[in-house]
Amino acid sequence: MERWTALRLSFIVGVAFFFLAVSMLITGAVLPKWMAIFHLSGARAGRLFALYYFPYVVTTFVSGALCDFFGKKPVLVASQAFLALGFFVVSLADQFTTIEWGIFLAGIGGGFCEAPLTGLLSRVFPGREGYALNLSQISFGLGAASGPYLAGFLLERELSWRVLYFVPGAFSVLLFALLLRERELFAGENNEGFSLKRLRVFREWRALLFASFLAIFLYVGAEIGTSAWVSTYFVRELQRGFSLAGAAMGIFWGMITVGRLVFGLLARKTSYLVLLRFLILLSFFALLLFNLTRNVSIALLALLVLGLGFSAVWPLIVAWVAQHVNTFQATAIGLTVAAGGLGALFFPWSMGILADRIGLRFVFLVALVLVAGLFGVTQSRFFREGKA
């Protein structure tokens, strides 16, 4: 690939992942403000995450197959169209129901975005999937860290929450235009229609895909569940301001970004599975500390370590799938990524219901249980073969 083409790929992937993270996570930072303005219960507020991740799951399930049939370009163009529409609807909303519709539309766009970008990187960097996916996720981490932090900082200074959704919408319009004009990045794709070969491939890899599916489901449930409620926890339970609450999310996602850089480099020479199990154990003990303390400084330290522990889990699992499934790889990646959407669909919402019934501080026990289950899955026989 020529250098200019590689630079365009890096820019498009970087900006797309950055604002994909914003679409997923800024709601957690703005949520305390909406709960106060619209007088929402925890269950009603938590439903926002389900409204994003339900269409995300559905479109992610089909996005990989659509890429294998028609190519990645039309799917990515559609992703930015839906993201822009969703962001703009939220930014113009004057009632909470309209916000819910905007979040739903953004979820459709998010689902059409992640699997095609991941598959594109896997095709461009064969044999170095773990390294490439970790580095691409740095831009996701930057968006996840800076978006909620800036949201909390600006909300505390009375900036309208509408601006926080209008700006990402403008960038989605820019990406829509760039992707619509792009040709070289998508040249040479081999698009395959439906065939019995497809069914044979999935019969061959169904056990591995099921194990990876379950691992991503548990991991994203813990990651997004923690991220979704940590800002509200600092504001309502620990009685801190929006700035500190946003900073807590920034620390969490900032360390995810740093960890993806560090472990992305280590993944070039170290077994994926050794790194994966180490990070899961680190995450477990960080969550245990977070659940045991009400001291703000210790809670922030626990979030810092937790971000480091969570950092490379998603890229390593997806890289594991990409390395072991060659035919219809985009479909396999789409199925795996969709499992994460299911986790994000179910757990933040259920945590909101749990917060209404037994208290907000106990919702993070759910994340602890999910991480323990994740470690058990990675000890199964389906995660015992080969090295990076």
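In the hydrophobic clustering of ILVMFWY residues, with side-chain heavy atoms under 4.5 Å counting as a link, L159 and V167 come out together. V369 and L214 fall into different hydrophobic clusters, where Ile, Leu, Val, Met, Phe, Trp and Tyr side chains are chained together by heavy-atom contacts under 4.5 Å. Hydrophobic clustering (side-chain heavy atoms under 4.5 Å, transitive across Ile, Leu, Val, Met, Phe, Trp, Tyr) keeps Y165 apart from V173. A single hydrophobic cluster is not seen to contain both L289 and F284; linkage of ILVMFWY side chains at heavy-atom distances under 4.5 Å, directly or through other members, places them apart. In terms of hydrophobic clustering, with Ile, Leu, Val, Met, Phe, Trp and Tyr side chains grouped at heavy-atom distances under 4.5 Å, V274 and I280 are assigned to different clusters.
At a threshold of 4.5 Å between non-hydrogen side-chain atoms, the residues V313 and I216 do not count as touching. Residues V77 and F112 have side chains not in contact (no heavy-atom distance under 4.5 Å, counting atoms from C-beta outward). Between F252 and L304, the closest side-chain pair of non-hydrogen atoms is not below 4.5 Å. Within the 4.5 Å cutoff, the side chain of F278 has no heavy atoms near those of the L275 side chain.
At distances below 3.5 Å, at least one donor-acceptor pair connects side-chain atoms of R260 with backbone N or O atoms of S311. In this structure, the side chain of S380 does not engage the main chain of G376 through any donor-acceptor pair within 3.5 Å. No donor-acceptor pair closer than 3.5 Å links the side chain of T378 to the backbone N or O of R277. Side-chain N or O atoms of T232 include none that pairs as donor or acceptor with a backbone N or O of W229 at under 3.5 Å.
Between R44 and E100 there is a salt bridge, since a side-chain N of the basic residue sits under 4.0 Å from a carboxylate O of the acidic one.
Side chain to side chain, S23 and Y52 meet the donor-acceptor criterion of an N or O pair below 3.5 Å.
Within 6.0 Å of CH2 in W34 there are more than 12 heavy atoms belonging to other residues, nucleotides or ligands. Taking a 6.0 Å sphere around CZ of R157, one finds it holds more than 12 heavy atoms contributed by other residues, nucleotides or ligands. Counting non-hydrogen atoms of neighbouring residues, nucleotides and ligands closer than 6.0 angstrom, the CZ atom of F213 exceeds 12 such neighbours. Counting heavy-atom neighbours within 6.0 Å of F166 CZ, excluding the residue itself, gives a total of 12 or less. In this structure, R294 places its CZ atom where more than 12 heavy-atom neighbours from other residues, nucleotides or ligands lie under 6.0 Å away.
The distance from atom OG1 of T226 to atom CZ of F310, rounded to the nearest 0.5 Å, is 5.0 Å. L40 contributes atom CG, which lies 13.5 Å from atom NZ of K33 (distance to the nearest 0.5 angstrom). One distance of note links OG of S172 with CZ of F82; it measures 12.5 Å at 0.5 Å rounding. To the nearest 0.5 Å, the span separating CG on L20 from CG on L83 amounts to 7.0 Å. Going from atom CG of L76 over to atom CG of L180 covers 12.0 Å, rounded to the nearest 0.5 Å. The CZ atom of R361 sits 9.0 Å away from atom OG1 of T293, with the distance rounded to the nearest 0.5 Å.
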> Between F19 and F87, does a ring pair (Phe, Tyr, Trp, His ring centres under 6.0 Å) hold up when you go through it step by step?
Replying inline: CA-CA 11 Å; F19 285 103; F87 281 132; 7.4 Å; no

> Given V296 and L244, is the side-chain contact (heavy atoms from CB on, under 4.5 Å) satisfied, shown in steps?
Replying inline: CA-CA 10 Å; V296 172; L244 183 62; 3.9 Å; yes

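Of the residues L48, V58, I224, the one that meets the side-chain contact (heavy atoms from CB on, under 4.5 Å) test with Y53 is I224.
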